[in-house]
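Chain letters run A, B, ... following the sequence lines, proteins first, then strands; residues in each count from 1.
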Amino acid sequence: MNPFLAVVVGVLYAVGTYLVLQRLLTRVIIGLGLIAHGANLLLLLSGGDPGEPPLADAAGVVSGASDPLPQAMVLTAIVITFAVTAFLLALAYRDWHDTRSDEVEDDLEDRRIAALAAREGRR
Amino acid sequence: MPGPPPLPFAALPVFWLIGSQLVVAALVLAAGRRRPRSAVIVSAGALAAAFGWLAAQVGTITSGGVVVEHLTWVPHLGVSLDLRLDGLALIMGMVVTGAGALITLYSGAYFKWGPPTARFVGYLTAFAASMLGIVVSDNLYGLFVFWELTTITSYLLIGFEDEKGSARAAALQALLVTGVGGLAMLGGLVLLAQQAGTSSLAALLADPPGGTVTTVALLLVLAGAFTKSAQVPFHFWLPGAMAAPTPASAYLHSATMVKAGVFLLARISPAFHTIPFWTPLVVGIGLTTMILGAWRALRQHDLKLLLAYGTVSQLGLLTALFGMGTPAAVYAGVAMLLAHALFKAPLFLVVGAIDKQTHCRDIRLLDGLARRMPGALAVALAAGLSMAGVLPLFGFVAKEAAFEALLARSPWLLALVAASSALTVAYTARALWGAFGRKPVSAQADLVGAKAGGTPLFLLLPAALPAALGLAFGLLPGLAAPLLEATVGTAGAGALKLWPGLKPALGVSAATLLAGLLLFARRDAVERLQRAGHRRLLAKWAPTGEGIYRRALAGLNRSADRVTAVVQSGSLPVYLGIILLTVILLPGSALVLGTALPRVDFGGHWAQFLTGGVVAAAALAILRVRRRMAAVVLLGAVGYGMAGLFIVYGAPDLALTQLLIETLGIVIFALVLFRLPPYFREARWRLGRALRLGVSAAVGLFVTGAALAVGTASRPPPVSAYFNENALSAGGGRNVVNVILTDFRALDTLGEITVVATAAIGIAGLVTGAVRSRRKRQEP
């Protein structure tokens, strides 16, 4: 295990988290993208040390290759992340189009429930 | 446990005993609304048929046989429907089905064959099925499921008049109290099954486990039994349950469901009564409940409440008897249980008839019903004298057996039970006099009953039959004796005698009768004493179970409100922050505490460091930029760096995909950002910048640690060996990753495509919707 790459995973998660904890939807989307990269790298690292591409020779024998299963999973993850990112971008576009803002507002309904509960709790 | 070979369903009579009731209940609830008469006939018929089948088994059971059936349900968890019909189950089953059939008929008349009839009868039949399930279950988990089904049907019946707030509150109270006890019992049953290595009740009792864990398990099971059978301090739900329509009170809350707890005690007590804590605890609780219930019954003015506290008292006596666990005590207990069902159900049914005729249950107001309702009087007398334990009724015979069993144990126990018997005589007299006697005319009392009509046949007959049976069993105890002997399994454990001879027990009986009548004769003085005692002592000093229940419920609601007020802020960053903090605290602390220091190895290809460094640097730079487009370009740099890492790691497919997707992603980002302002506007921060930085840094540290731990942890041989070996031969491809995606794990890929398609549909909706709304805005 290469500790340097583990730190890279940590950096990707940390920056991604920082961005996700904000209110601008575009920043949140970029943050999610970074976290997804971090997750992919984590999956890849869990497969062990680097090796040759997992390709079989004519006899069907694979030798000296890296673990193919995490690679398959990462491939799936990349595509899904892309789909989700595209959807969120469409959401940001629509939000901007309708409200001229790409900020994630507080959920007013949630706040009303909380205020109600606070009143009940004090009683 | 390998059971006998599976039988066809048709050959499982005990299974169908329960199943048929469930089918009938579903049928009646679904289709009975417009046909109340048919609903009553079908339900009562099914219960009567079940009673008939059980009666046909009497010969088999009394000669020592049992009927056993196994139906595997969840084999891995040892959950199966093991049904076992033995002596105790038979007698309880006959009470459930017999009383059920009669009370179903009664319900038809009680609801005047109106629309509520079918719903009521449907619940009643569903309850009968659940109760039969408790009675014949030989599997601990099956027992629990049926146990809770009776709790639920009881809830539906107590809250039957759901437009009344008080009925709903009483139903909820009963549900919560018995439900909490049931959950405790489930914990106890799981522990017991673990300790014994079997979930079969019969096997558990044949070879009972011991030790501390068993003690804890038994205490939990007792909590379930005590709540169900309304023992102190949980007794308060039973008087509350009198909010149910009277037929349900007669059936569930006197004859059957409240007996489930003592029934379970009767089952397990013989195996566990030698454990030191068992007898003092169970007998102690039982006797306390017995005295307290009888004392409070003496204070009631509502006939139903009077009877309900009487039931609490009788259940206490049953708990004490079964808690002793000796054959003689269990024998006497089963006799008492049968006697109680035979006298208490008719009394409730008579009260229901009085209530129907006069719309009143207050003993201070009912007047002159003896002449108006002579049939009801006769039934009430037969049942009431049995309750008071008067010769020659079955209540007397059973009480004598109980006295004998107690006397063998300790004269002190007998003294307590005798005192409670005297109270029983007094409250019985009070109930009979209160319902049928003449009242002195007083100014404020508005007496009712003078104009009451007679008792309709269907309100009288279902009450008369069990009362008559109480008389028959009293006169000829030999009728009931063989069944009772089958419940203890040993002949000669006890004996039922109409005339016990001039023995101490008979003297005690006579004394209690006299004392009880004296208490009744001086009822005004007794009432004053009770009221003063209650005001001076109990109301001030004793924490009642009901008070604790109320405070606990209110406290729970209040703390839920407070938590909601704090947690439900409506802010997305706060929600995410809480989730992330949980991740850091729970798995994070496990990581810190539970993992050995990772083996650090600074070797590696220079390209790893270079590309990794580019990725990290680009990611960090995103924090600094204010231009949206610059942030997107940096995100692209991270993506391309990832592609470089994929190449280093021998994953060309990934690198290729990443390059394509990243490019496409940047294009889409650009399309959207083209519309947005070029700079990020600094928003007002709810979560402080320092806090956000802290949480992010902690998440980063946690993930780094997790990555190192993953690399260090010992792993089972990867499944990839299989993929590598079979990629060409089974999958027909040399690129193993491709073969995994399209062949070995093709379902994953199908899921992935589904996500993409769903996202595409969503995007299309969002974008075309925006275009349409823009056009609309431009039109006017």
Side-chain angles (χ1 to χ4, degrees), chain A residues 1-15 17-18 21 23 30 33-34 37 42 44-46 50-56 60 62 66-69 71-72 74-76 78-80 82-83 86-87 89-90 93-94 96-97 103-104 106-107 110-111 113-114 117-118 120-121, chain B residues 558 561-562 564-565 568 570-573 600 604 608-609 612 615-616 619 628 631 635 638 642 648-652 654 657 661 668 672 676 680 683 692 696-697 699-700 703-704 707-708 710-711 718 720 723-724 727-729 734-737 740-741 748 752 755-756 759 762-763 766-767 770:
Chain A
M1 162 55 84
N2 189 331
F4 178 69
L5 288 180
V7 172
V8 173
V9 173
V11 168
L12 287 171
Y13 266 91
V15 177
T17 305
Y18 185 80
L21 285 178
R23 286 181 172 271
I30 292 171
L34 288 177
H37 283 316
L42 187 57
L44 192 72
L45 294 182
S46 71
E52 294 296 314
L55 299 171
V62 184
S66 49
D67 193 340
L69 185 61
Q71 295 190 18
V74 171
L75 218 152
T76 309
I78 290 172
V79 178
I80 288 181
F82 168 70
F87 178 77
L89 280 169
Y93 163 72
R94 181 66 185 271
W96 175 259
H97 178 272
E103 213 172 293
V104 185
D106 277 0
D107 188 334
D110 273 13
R111 281 208 176 160
I113 292 169
E120 291 283 325
Chain B
R558 230 184 354 263
D561 283 338
R562 288 204 182 119
T564 307
Q568 186 124 340
S571 155
L572 184 62
V600 178
Q608 286 181 0
F609 292 97
V615 167
R628 285 174 206 268
L635 181 64
V638 171
M642 288 289 293
V648 177
Y649 264 78
L654 292 194
T657 315
I661 291 277
I668 296 176
V672 172
L676 296 176
F680 290 121
R692 262 184 295 133
S696 314
V699 168
V703 176
T704 306
L708 289 171
V710 164
S720 307
F723 295 141
N724 282 340
L728 189 59
S729 53
R734 289 170 60 181
N735 183 332
V736 184
V737 176
I740 292 175
L741 285 171
D748 286 5
E752 167 200 325
V755 171
V756 175
I763 293 166
L766 285 168
V767 174

Next on the checklist: If we define contacts as heavy-atom pairs under 4.5 Å, which of B:V756, B:L728, B:V703, B:T657 has the most with chain A?
Outcome noted: B:V703
Checklist entry - If you tally heavy-atom pairs under 4.5 Å against chain A, which of B:L572, B:N735, B:V648 wins? => result B:N735
Closest approach of [X] to [Y] (non-hydrogen atoms, all atoms of both residues):
X: B:A616; Y: A:V11; result: O-CG1, 3.9 Å
X: A:V15; Y: B:A619; result: CG1-O, 3.3 Å
X: B:P652; Y: A:P53; result: CD-CB, 3.6 Å
X: B:A759; Y: A:A83; result: CB-O, 3.6 Å
X: A:V8; Y: B:V615; result: CG1-CG1, 3.9 Å
X: B:A707; Y: A:A6; result: CB-CB, 3.9 Å

Taking atom [atom1] of [X] and atom [atom2] of [Y], what is their separation to the nearest 0.5 Å?
X: A:L34; Y: B:L635; atom1: CG; atom2: CG; value: 5.5 Å
X: B:Y649; Y: A:L45; atom1: OH; atom2: CG; value: 4.5 Å
X: B:L766; Y: A:L89; atom1: CG; atom2: CG; value: 11.0 Å

Next on the checklist: I'd like to know if the side chain of A:T17 pairs up with that of B:R692 as donor and acceptor (distance under 3.5 Å, no hydrogens or angles considered).
Outcome noted: no
Checklist entry - Quick check: does any side chain N or O of A:Q71 sit under 3.5 Å from a backbone N or O of B:V736, one acting as donor and the other as acceptor? => result no
Are the side chains of [Y] and [X] in contact, using a 4.5 Å heavy-atom criterion?
X: A:L44; Y: B:L654; answer: yes
X: B:V767; Y: A:R94; answer: no
X: A:F82; Y: B:I668; answer: yes
X: A:L55; Y: B:R734; answer: no
X: A:Y18; Y: B:V699; answer: no

Item to check | All ring pair (Phe, Tyr, Trp, His ring centres under 6.0 Å) counterparts of A:Y93, not counting sequence neighbours | outcome: none
Next on the checklist: So, using side chain to side chain donor-acceptor pair (under 3.5 Å) as the criterion, who are the partners of B:T704 when residues are at least two apart?
Outcome noted: none
Next on the checklist: Which atoms of A:E52 are under 4.5 Å from chain B, going by heavy atoms: the side chain, the backbone, both sets, or neither?
Outcome noted: backbone
Item to check | A:L69 portion near chain B, given a 4.5 angstrom heavy-atom threshold | outcome: both
Next on the checklist: Is B:S729 in contact with chain A via its backbone, its side chain, both, or neither, using a 4.5 Å heavy-atom distance?
Outcome noted: neither
Next on the checklist: Given heavy-atom pairs under 4.5 angstrom as the criterion, report whether the side chain, backbone, both or neither of B:A651 touches chain A.
Outcome noted: both
Item to check | Among A:I30, A:L42, A:L12, residue most engaged with chain B (heavy-atom pairs, under 4.5 Å) | outcome: A:I30
